[in-house]
Amino acid sequence: MKLFDPNCVTSHFFCSDTMQIPAALQKGFPVIRPVPISELSATAKSIVWLHLNARQTIAQQLAPVKQRAPQSLIVVMSDIPNDLEALAAFSMLAKAYCNTHAGLEVLLNIASVVEQGGIWIGESIMQKLLGGSSVEEPQLDRALGKWSKLLTGRELEVAKAIAIGLSNKEIALKMHITERTVKAHVGAVLDKLQLKNRLQLALLVKEG
């Protein structure tokens, strides 16, 4: 997948009551500015990186951001990420949810996805969202559509593994390859099928 182009976004804001801008975030986006939510005023192309305060609910924190910067793209950052918190963030129309101390590569990927209009969903929360509709591989084989012909054999195998809820680590073990190779296959599949994230890929595979 193509990484984030910082020239495509007008501005980045970091909102937090308790900490300075994380080092990886500062490195990835040197123009990012720390700003209190009460002083936030963002344009349509702005990304707001919102560091959660454990003393308030998701709704209490996202509501004022949406009120002051309704067209901004909100990325929620949590010190102790968990699935329920992530679901709450997405229910409030956040564009991404991640660990406050995520690495540079992850942050660049998040920005790339949300700037292009997508939603960035980590492996754990994606498995939670897809868990209720899990299907077996034989069923997937019968449902594959014309798009599957665009992929190599290995790429198709990775796509089907994602559809049944496997993480990159689990796919690597299943296919006897490295996690780095799995990531490369996932990126190639998303590019070829013009998809923005793993959730869209999983849904496409399941729907045929």
Examine distances only and state if a side-chain atom of [X] and a backbone atom of [Y] form a donor-acceptor pair shorter than 3.5 Å.
X	Y	result
Ser16	Thr18	yes
Gln67	Ala63	no
Ser46	His12	no
Lys66	Met92	yes

Is there a side-chain contact between [X] and [Y] (heavy atoms, below 4.5 Å)?
X	Y	result
Phe13	Val65	no
Trp120	Val106	yes
Lys183	Asn168	yes
Met19	Thr100	yes

ILVMFWY network linking Leu150 to Val186, side-chain heavy atoms under 4.5 angstrom: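 Yes: a chain of side-chain contacts under 4.5 Å links Leu150 to Val186.
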Looking at [atom1] of [X] and [atom2] of [Y], how far apart are the two atoms once the value is rounded to the nearest 0.5 Å?
X	Y	atom1	atom2	value
Ile74	Trp49	CD1	CH2	12.5 Å
Ile177	Arg154	CD1	CZ	5.0 Å
Asn53	Ile58	CG	CD1	10.5 Å
Leu40	Leu50	CG	CG	9.5 Å
Ser167	Ile162	OG	CD1	10.0 Å
Ile110	Leu73	CD1	CG	12.5 Å

Step-by-step side chain to side chain contact (heavy atoms under 4.5 Å, CB included) determination, Asp79 to His51: CA-CA 8 Å; Asp79 291 341; His51 175 233; 2.9 Å; yes
Leu151 and Leu193: CA distance, side-chain angles, deciding distance, side chain to side chain contact (heavy atoms under 4.5 Å, CB included) verdict: CA-CA 9 Å; Leu151 309 180; Leu193 301 182; 4.2 Å; yes
Partners meeting side chain to side chain contact (heavy atoms under 4.5 Å, CB included) with Ala94 (sequence neighbours left out): Leu62, Val76, Ala89
Pairing residues for Gln60 by the side chain to side chain contact (heavy atoms under 4.5 Å, CB included) criterion, not counting sequence neighbours: Gln56, Thr57
Throw together a table of side-chain donor-acceptor distances under 3.5 angstrom for residues 21-37, partners on residues two or more places apart or in other chains.
{"unit_1": "Gln26", "atom_1": "NE2", "unit_2": "Pro30", "atom_2": "O", "d": "3.4"}

Step-by-step side chain to side chain contact (heavy atoms under 4.5 Å, CB included) determination, Leu52 to Glu85: CA-CA 10 Å; Leu52 292 180; Glu85 192 175 73; 3.5 Å; yes
side-chain hydrogen bond (donor to acceptor under 3.5 Å, both in side chains), paired with Glu155, selected from His185, Lys192, Lys160: Lys192
For Tyr97 against Ile80, the heavy-atom pair lying closest together: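 Closest approach of Tyr97 to Ile80: OH-O, 4.4 Å.
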